[in-house]
Trainee: 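Next up is a structure, given as structure tokens.
Values reported hereafter were calculated over all heavy atoms of this structure, with side chains retained and with hydrogens, waters and symmetry mates removed. Here the structure is a predicted model, which means the values were calculated and not measured.
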Amino acid sequence: MLKQYLQFKLSQKLSPQQIQLMKLIQLPTQAFEQRIKQEMEENPALETGKESTEEFDDNFEEFDNSTDEHNDNETIDAEDINIDEYLSDDDVPDYRTQANNYSSDDEEKVMPYAAGTSFTQHLTNQLNTFRLNDEERDIAEFLVGSVDESGYIRRSLSDIMDDLAFTQNVFTTEDKIEKVLAIVHQLDPAGVGARNLQECLSIQLHRKEKYPDVELAIAIIDKAFEQFTKKHYKKLLQKFDITEVQLKDAIEEIERLNPKPGGSYAGNNKMVEHVVPDFAIKIVDGKLELTLNGRNAPELHVSREYSNMMKGYKDAKDKSKSQKDAVMFIKQKLDAAKWFIEAIKQRQQTLFVTMSSIMHYQSDYFLTGDERKLRPMILKDIADEIDMDVSTVSRVANSKYVDTPYGTKLIKEFFSESMKNDQGEDVSTREIKKILETVIEEENKKKPLTDEKLATLLKEKGYPIARRTVAKYREQLDIPVARLRKKI
């Protein structure tokens with residue numbers, strides 16, 4: 001039996017402009033600059049340059065919430081276009097296009113990178129010092145090409161053998177590959193080409209001069225690696241019949257080794273990401289002062305050339321079809337340019353209002369730098385205060401950095417949930433984690449505190465939390481369990 005149902009569904013859809021604005025808000029400074037560059041390449045009606053001397057004040061109260069309405073479904077007739085709207089002298093944004101901490105006279109500071117040889121080429125060049133036949137050289141170069149940025153070869157010999165056959169037309173055996181791999185292990189930096197951490201450490205130790213501490217370290221890595229990694233020191237003492245002093249000296253030798261030999265090569269091609277703070281907070285006369293990075297306020301304006309084209313169309317007596325098509329294109333580009341400039345203004349407003357609210361909410365921390373003074377704060381707290389959506393605050397917090405007197409911080413780090421202390425007061429989980437970290441730092445490393453004992457200590461300090469919660473916070477702080485923190 002066929003049944004029909006009538007269902008009403010109420011839904012709210014964002015316009016394409018609103019979606020684009022949300023994407024702009026989410027972008028950090030460097031990505032935002034790339035987005036501006038892309039927009040200018042795509043829209044010739046958008047130009048950059050010093051067209052206005054109007055001052056832009058960093059005080060966020062002067063921002064307004066006005067925005068132009070756009071109707072994507074509107075059909076525009078060339079005859080109905082109000083040309084005067086596009087011939088206004090006000091073809092620059094009504095805000096100064098630079099913040100007071102950035103000048104157009106400043107040169108763009110770009111971090112230079114050395115143009116040295118790549119890590120792979122550095123290893124390949126060393127192969128020239130070995131006598132290799134054609135097959136061995138092909139295998140060696142393939143192995144070197146398989147070394148990752150940390151200096152490891154993380155593929156099995158059987159996989160490498162198959163790839164040599166299919167991609168290099170080199171048919172060989174695993175034994176031959178193993179023989180050539182031993183040659184790769186002789187390359188610098190020491191430990192390169194290892195297939196795992198144990199092999200990496202062993203290669204480095206075998207390169208050292210053989211005195212007692214090194215020989216014992218080699219024996220520990222080669223014959224008792226699992227006991228070493230799990231810090232079963234009593235088992236090591238029994239296995240090798242040694243004293244605690246001897247074991248301690250051998251472990252110190254191991255700790256001097258490099259677990260990632262590839263990372264030590266200065267010519268590695270991996271580009272280092274430099275964080276550009278989106279905001280700066282300073283303490284001036286005992287008060288907090290917030291500024292927005294001036295690179296978020298580009299000098300953009302609508303092209304005068306395109307405006308003049310529109311004026312030419314208005315003055316023309318005979319308007320041909322080709323002229324009408326042209327003016328439709330011009331109007332589209334002018335609309336897009338004006339919207340983009342307005343979107344940048346709204347982005348600035350949103351960023352500044354959100355960060356200002358966070359700064360005042362966490363003023364005790366920003367004035368002192370003491371993480372224990374961070375108040376419990378969730379996204380909704382800020383969203384309610386500035387009357388914005390939680391998702392908007394999240395976009396600002398998750399991708400932006402702020403330069404503070406205590407270093408450059410990711411904004412989302414200032415958010416944390418709350419817990420009750422023994423006096424019934426709300427305290428930040430960040431505060432509890434900081435105290436937990438301090439307690440672990442001050443513990444006796446010969447007898448590290450278990451999670452149970454840590455929970456007891458925190459309870460004595462006024463923070464009654466369960467052992468499983470201590471374990472969760474410890475893992476979030478990337479601190480190992482008590483047994484792995486033990487030292488001789």
Side-chain angles (χ1 to χ4, degrees), residues 18-35 58 60 63 99 101 272-283 288-293 295-296 346-419 426-438 465 469 472-479:
Q18 288 173 310
I19 294 171
Q20 288 297 318
L21 177 59
M22 290 298 103
K23 289 181 178 179
L24 283 179
I25 289 172
Q26 188 165 350
L27 294 176
T29 299
Q30 286 178 304
F32 176 63
E33 288 180 314
Q34 290 298 317
R35 177 66 181 85
D58 270 337
F60 72 89
F63 285 117
N101 61 333
V272 179
E273 182 181 355
H274 295 274
V275 172
V276 176
D278 305 272
F279 307 91
I281 293 177
K282 295 180 181 178
I283 301 174
L288 296 172
E289 183 180 279
L290 174 67
T291 53
L292 177 65
N293 189 325
R295 290 159 67 174
N296 289 283
Q346 290 187 51
R347 178 180 182 273
Q348 283 180 282
Q349 174 187 350
T350 303
L351 295 188
F352 204 92
V353 169
T354 304
M355 189 63 227
S356 181
S357 178
I358 293 170
M359 181 183 73
H360 288 107
Y361 201 98
Q362 300 290 8
S363 59
D364 288 343
Y365 163 75
F366 287 115
L367 286 168
T368 63
D370 187 350
E371 289 192 3
R372 290 172 296 183
K373 293 190 176 181
L374 277 171
R375 295 171 57 191
M377 179 177 73
I378 59 175
L379 295 172
K380 191 174 185 301
D381 293 330
I382 301 302
D384 290 344
E385 189 170 308
I386 61 178
D387 195 24
M388 288 188 184
D389 194 82
V390 170
S391 63
T392 303
V393 177
S394 176
R395 284 181 171 87
V396 175
N398 283 331
S399 58
K400 309 292 187 301
Y401 288 84
V402 57
D403 183 28
T404 75
Y406 325 106
T408 300
K409 310 285 187 181
L410 185 61
I411 295 171
K412 72 175 181 180
E413 293 179 0
F414 303 128
F415 289 84
S416 64
E417 297 175 351
S418 65
M419 291 189 70
D426 282 335
V427 293
S428 168
T429 52
R430 281 290 298 274
E431 177 182 336
I432 298 174
K433 288 179 185 178
K434 187 66 180 176
I435 293 169
L436 175 62
E437 197 172 24
T438 303
I465 59 176
T469 307
K472 182 178 77 171
Y473 290 168
R474 178 180 51 71
E475 290 171 1
Q476 289 173 353
L477 290 167
D478 200 23
I479 297 174

Trainee: Short question: side chain of Tyr401, backbone of Val276 - any donor-acceptor pair under 3.5 Å?
Mentor: no
Trainee: What's the shortest heavy-atom distance between Ile283 and Tyr406, and which atoms?
Mentor: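 Looking at all heavy atoms of both residues, the closest pair is CD1-OH, 3.6 Å.
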Trainee: Locate the shortest heavy-atom distance separating Ala397 from Leu379; write the atom from each residue and the value.
Mentor: CB-CD2, 4.4 Å
Trainee: Whether the side chain of Arg35 engages the backbone of Lys23 through a donor-acceptor N/O pair (distance < 3.5 Å, no angle test) should be reported.
Mentor: no
Trainee: Kindly give the heavy-atom pair with the smallest separation between Gln348 and Asn296, and that separation in Å.
Mentor: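 Nearest heavy atoms, Gln348 then Asn296: CG-O, 3.7 Å.
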Trainee: Are the side chain of Thr368 and the backbone N or O of Asp364 linked by a donor-acceptor pair below 3.5 Å?
Mentor: yes
Trainee: Do Phe32 and Leu24 come close enough that some side-chain heavy atom pair is under 4.5 Å?
Mentor: yes
Trainee: What distance separates Lys472 NZ from Lys433 NZ, expressed to the nearest 0.5 Å?
Mentor: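 Rounded to the nearest 0.5 Å, the NZ-NZ separation comes out at 7.5 Å.
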Trainee: To the nearest 0.5 angstrom, please state how far the OG atom of Ser357 sits from the CG atom of Asp387.
Mentor: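 Output value for this atom pair is 11.5 Å.
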Trainee: To the nearest 0.5 angstrom, please state how far the CD atom of Glu33 sits from the CZ atom of Arg295.
Mentor: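 Atom-to-atom, Glu33:CD and Arg295:CZ are 4.0 Å apart.
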Trainee: Would you mind reporting whether Met355 and Ile281 have side-chain heavy atoms less than 4.5 Å apart?
Mentor: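 A side-chain contact exists here, since the closest heavy-atom pair is under 4.5 Å.
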Trainee: Could you go through the side chain to side chain contact (heavy atoms under 4.5 Å, CB included) check for Gln34 and Leu27 one step at a time?
Mentor: CA-CA 10 Å; Gln34 290 298 317; Leu27 294 176; over 6 Å; no
Trainee: Is the side chain of Thr408 donor-acceptor paired with the backbone N or O of Pro277 at a distance under 3.5 Å, no angle test?
Mentor: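 No; zero donor-acceptor contacts below 3.5 Å.
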Trainee: Any side-chain heavy atom of Thr354 sitting closer than 4.5 Å to one from Ile25?
Mentor: no
Trainee: If you look at every heavy atom in Leu410 and Asn398, which pair is closest and at what distance?
Mentor: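 What the structure gives for the nearest pair is CD1-O, 4.0 Å.
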Trainee: I want to check something: taking the side chain as every heavy atom from C-beta on, are Phe415 and Asp381 in contact at a cut-off of under 4.5 Å?
Mentor: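 Phe415 vs Asp381: side chains apart.
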Trainee: To the nearest 0.5 angstrom, please state how far the CZ atom of Arg375 sits from the OG atom of Ser363.
Mentor: 7.5 Å
Trainee: I'd like to know if the side chain of Asp278 reaches the main chain of Pro28, judged simply by a donor and an acceptor atom lying under 3.5 Å from each other, with no hydrogens or angles considered.
Mentor: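 Flag not set: sc Asp278 to bb Pro28 has no pair under 3.5 Å.
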Trainee: Would you compute the distance between atom CZ of Phe366 and atom NE2 of His360 and round it to the nearest 0.5 angstrom?
Mentor: 10.5 Å
Trainee: Ignoring hydrogens and geometry, is there a side-chain-to-backbone donor-acceptor pair from Lys400 to Gln26 under 3.5 Å?
Mentor: yes
Trainee: On the 0 to 90° scale, with breaks at 30° and 60°, tag the Tyr365-Phe414 ring pair as parallel, tilted or perpendicular.
Mentor: tilted
Trainee: Ile358 vs Val396, test: side chain to side chain contact (heavy atoms under 4.5 Å, CB included). Steps then yes/no.
Mentor: CA-CA 11 Å; Ile358 293 170; Val396 175; 5.6 Å; no
Trainee: Taking C-beta and beyond as the side chain, do Thr350 and Thr392 meet within less than 4.5 Å on heavy atoms?
Mentor: yes
Trainee: With the side chain counted from C-beta on, respond yes when Tyr473 and Ile479 share a heavy-atom pair under 4.5 Å apart, and no when they do not.
Mentor: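 When only atoms from C-beta onward are counted, Ile479 and Tyr473 do not touch, as no gap falls below 4.5 Å.
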Trainee: Just how far is it from atom NZ of Lys409 to atom OG1 of Thr404, taken to the nearest 0.5 Å?
Mentor: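 Rounded to the nearest 0.5 Å, the NZ-OG1 separation comes out at 6.0 Å.
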Trainee: Work out which heavy atom in Arg347 is nearest to a heavy atom in Leu21; give both atom names and the distance.
Mentor: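 Result for this residue pair: N-CD1, 4.3 Å.
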